[in-house]
Amino acid sequence: MTKTMKFRTTRRRFLAGGAAVAAAGFAPARFAIGARAPVKIGILLPYAGTYARLGENITAGFKLRVDEAGGKIGGRDVEYIQVDSEMKPPLAPEKTNKLVSGEKVDFIVGPVHSGVAMVMARIVRGENVVMVCPNAGAGALTGSMCAPNIFRTSFSNWQTSFPCGEVMIKDGHRNAVSMFWKYAAGIQMKDAFAESFTAAGGKVVREIGVPFPSVEFQAYLTEIAALRPDAVFMFFAGGGAAKVVKDYAAAGLKSRVPLYGPGFLTEGVLGAQGEAAEGVRTTLHYDNGLDNPANRRFRAAFKTAAGKEADVYAVQGYDAASLILHGMAAVGGDTGARNDLIRAMAGTTFDSPRGRFVLSKAHNPVQDFYLREVRGGRNVVLGIAHKALADPATGCNMV
Ligand code: BEZ
């Protein structure tokens, strides 16, 4: 009903504005051609290397949601143009421009890597395209670089790790070491953890930055063993997370120094980590055991479509498509109605597998962060670590 009414409004407004053209017997170019042409979705994600599985699951989640909507967005067919980000910020300008200026995509979905995200955002801010970030947590995206046409369906780096510091304090730890991949994501996460941990009286005795995407962890783990902290906070994801948790156990640290981190440390990699992951505690805005109808439906559908279990990355891709579908339904598929499209996307709320999806004014999800612990080879939700957490959106001045 709403969809139909909005469609009529948009069309009537166009016809009023283009009365002279219509009277002369010409079809209104943007509406007539644009409405029939496929919606072009540019996807810039990693498909090789340590974040390959993240990129694959985001893509599968996105396509699953579009397929569930009958394979159309706003009543139009969909054309995907997929580019491998290679997780390399220096390559991001060329790859983003290829999609935005070369392919003239309507939406650009990506990336996974915070460094790539900042490059993309710098380009996209000045363009007509709408960017939907389905993973990278770079604070600036919905902070100092926020823009009407930039949306995120995942998290900010700060959101994932601020609750983790609070949990570690509640668990009685006072001296901690942080270990992380040393680029924007890892740096922002260890800072967010340190913010809540030190505010509550904790002390970070050592920060260990590992070059991205190195998986040579041994020397750092030897250092941690010598420091004997109460606990360790870690950010690694994908292939790196799978390896570091195994190396941590092999170094004899698992039974002596409890391991914590944002949920990427155990998300989608428990099969590879095996026994080594038992007892690891993480904070995340999703867990595949969440017992709600949207999650039950999503998990079953993802398993059928992709042949594997869903994870947080799949959810973020799925929700990126939901966000675009809602916006495009509101404008009857007319991507030229940019302001209406953006307004509709910003105001959208829907039942996501993670719970109710709601965006802040800066276009970043406001969401619960769960405390999980690995037990018997799966993450078990122990409770909500931080309810309805919004990113501070520092420096965001949405015009
Ligand atoms: C990031 O670079 O923002 C990121 C990558 C993997 C997992 C979480 C965050």
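Worth knowing before you read on, the calculation uses all heavy atoms, side chains too, and leaves out hydrogens, waters and symmetry mates. All figures in this text were calculated on a predicted structure; none of them were measured in a lab.
Proximity of the aromatic rings of Tyr248 and Phe217 is defined here by a centroid distance below 6.0 angstrom, and this criterion is not met.
Residue pairs satisfying the side-chain hydrogen bond (donor to acceptor under 3.5 Å, both in side chains) criterion with at least one member in residues 120-137, sequence neighbours excluded, are listed as follows: Asn128-Arg338, Asn135-Gln316.
Cluster partners of Met131 are Leu44, Ile81, Val83, Leu99, Val100, Val105, Ile108, Val116, Met120, Val124, Val129, Leu141, Ile150, counting Ile, Leu, Val, Met, Phe, Trp and Tyr whose side-chain heavy atoms approach within less than 4.5 Å, directly or via other members.
Applying the side-chain contact (heavy atoms from CB on, under 4.5 Å) test to Ala185 and every residue at least two apart in sequence or in another chain returns Ser114, Asn157, Tyr183, Met189, Phe235. His285 is linked by a ring pair (Phe, Tyr, Trp, His ring centres under 6.0 Å) to Phe155, Phe369, counting only residues two or more places apart in sequence or in another chain. Under the salt bridge (Lys or Arg N to Asp or Glu O under 4.0 Å) criterion, Lys203 pairs with no residue at all, not counting sequence neighbours. Remark: Arg354 engages Asp319 in a salt bridge (Lys or Arg N to Asp or Glu O under 4.0 Å) (not counting sequence neighbours).
Annotation: cation-pi geometry not satisfied between Lys182 and Phe212 (NZ/CZ under 6.0 angstrom from ring centroid, within 45° of ring axis).
For the residue pair Tyr318 / Glu68, a side-chain donor-acceptor distance below 3.5 Å is found, with atom types taken as modelled.
The two residues Pro38 and Asp106 have their closest heavy-atom pair at O-OD2, 4.2 Å. Between Ala390 and Val366 the shortest heavy-atom distance is CB-CG2, 4.1 Å.
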Full working for side-chain contact (heavy atoms from CB on, under 4.5 Å) between His386 and Gln159: CA-CA 9 Å; His386 204 120; Gln159 277 179 307; over 6 Å; no

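Contact check for Arg76 versus Met328: side-chain heavy atoms found under the 4.5 Å cut-off.
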